[in-house]
There are 2 protein chains.
Amino acid sequence: MATLGGLERSVMSLLWDSAESLSANDVRDRLGEDLAVTTVLTVLSRLERKEMVRRERSTRPHRYSATASREEHTVEMLNEVLGTAGDREAVLARFIGTIPDSEAAALRRLLQD
Amino acid sequence: MATLGGLERSVMSLLWDSAESLSANDVRDRLGEDLAVTTVLTVLSRLERKEMVRRERSTRPHRYSATASREEHTVEMLNEVLGTAGDREAVLARFIGTIPDSEAAALRRLLQD
DNA sequence: CACGATTACTACAGCGTGTAGAAATCACTC
DNA sequence: GAGTGATTTCTACACGCTGTAGTAATCGTG
């Protein structure tokens, strides 16, 4: 998958945190930095090309929203990383050794269906 | 962390799969492509800068090896991804829903200490 | 139709990566 | 100890991605 730049990531973060879709101006306003709208539009277009953002072209200020939730996206990333793993189970074994106890407990619970 | 390019990744793969450390010439020979040694040396230097590769400068052909095993590195990546997660437990919950049953079973076993 | 808002197109600098030549350095041999 | 071949370092450049935005095109409304 595509790796995001800093501004792209900020924009995704906004979209993930926002309940409704946002216009380019909305996004620009919510970013702390003082950017030109065209900059934001460029970034949004690139994110659309990367299929991380969906755009409503029917409304006049086009409205943008994330195609997947932050959690869904993170899971995708996790699986992508695991895909490069070689021995997936070995990785998972090590991995659970690195997470905090509380999360290990949560996992145990979740796996006990 | 650093994201690797294609050639960098190939080189890491070699180093991960090799029991002993390799010289730049070893690496060049094992890569299928027909590259100049200097190219390989450049890549190895960059990987060293990224602390993915350790170099023995004492021997004359310097010898290179991975600083972490492929599995260790993959776990690092997983944690890095999780670090961007927001709600880690929510992500883990979704995540275990996406892995094959066999791996879920393995995880269950591993968590039952 | 004119005008203001919005979007699309074009541009460019900076950085990371792939690629390698030229220059410097090292290790031996005679 | 100088010459030579192997090795390493330095320098360079093209290309693609990202941040950034101006200019041109388009749309909607009065």
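Predicted, not measured: the structure shown is a model, and the values here were computed from it. Letters A, B, ... are given to chains in the order of the sequence lines, protein chains preceding strands, and every chain is numbered from 1. Scope of the values below: all heavy atoms of this structure, side chains included, with no hydrogens, waters or symmetry mates.
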Spacing between [X] atom [atom1] and [N] atom [atom2], to the nearest angstrom:
| X | N | atom1 | atom2 | value |
| --- | --- | --- | --- | --- |
| B:L35 | C:dG21 | CG | P | 11 Å |
| B:E33 | C:dT19 | CD | C1' | 11 Å |
| B:L44 | D:dC10 | CG | P | 15 Å |
| B:E56 | D:dT7 | CD | P | 16 Å |
| B:D34 | C:dA20 | CG | C1' | 12 Å |
| A:L31 | D:dA21 | CG | P | 12 Å |
| A:L47 | D:dC17 | CG | C1' | 13 Å |
| A:E48 | C:dT7 | CD | C1' | 12 Å |

Measuring from [X]:[atom1] to [Y]:[atom2], what's the distance to the nearest 0.5 Å?
| X | Y | atom1 | atom2 | result |
| --- | --- | --- | --- | --- |
| A:L110 | B:F95 | CG | CZ | 12.5 Å |
| B:M12 | B:L44 | CE | CG | 9.5 Å |
| B:D87 | B:L82 | CG | CG | 10.5 Å |

Could you check whether any side-chain N or O of [X] sits under 3.5 Å from a backbone N or O of [Y], counting only pairs where one atom can act as donor and the other as acceptor?
| X | Y | value |
| --- | --- | --- |
| B:T67 | B:M52 | yes |
| A:R108 | B:L111 | yes |
| B:T84 | B:E80 | no |

Between [options], which one does the side chain of [X] approach most closely?
| X | options | result |
| --- | --- | --- |
| A:R57 | D:dT18, D:dC10, C:dA8 | C:dA8 |
| B:T39 | C:dG18, C:dA11, C:dA20 | C:dA20 |
| A:R46 | D:dT9, D:dT18, D:dC10 | D:dT18 |
| B:L41 | D:dT20, D:dT8, C:dT17 | D:dT8 |

If you compare every side-chain N and O of [X] against the phosphate oxygens of [N] (OP1, OP2), does one of them come in below 4.0 Å?
| X | N | result |
| --- | --- | --- |
| B:R63 | D:dT8 | no |
| A:R28 | C:dT7 | no |
| A:R9 | D:dG19 | no |
| B:N25 | D:dT7 | yes |

Short N/O separations, protein against nucleotides 24-30 of chain D, under 3.5 angstrom:
| residue | atom | partner | partner atom | Å |
| --- | --- | --- | --- | --- |
| D:dC27 | O4' | A:R60 | NH2 | 3.4 |

- Query: With a 4.0 Å cut-off on heavy atoms, is A:R49 in touch with a base, just the backbone sugar-phosphate, or nothing at all?
  - Reply: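 No contact.
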*Assign B:T3 to base, sugar-phosphate, or nothing according to its heavy-atom contacts below 4.0 angstrom with the strands shown.*
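Sugar-phosphate only.
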message = Could you check whether atom CD of A:E51 has more than 12 heavy atoms from other residues, nucleotides or ligands sitting under 6.0 Å from it?
response =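 No.
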* Asked: Do A:S13 and A:R70 have side-chain N/O donor and acceptor atoms under 3.5 Å apart?
  ->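 Side chains of A:S13 and A:R70: pair found under 3.5 Å.
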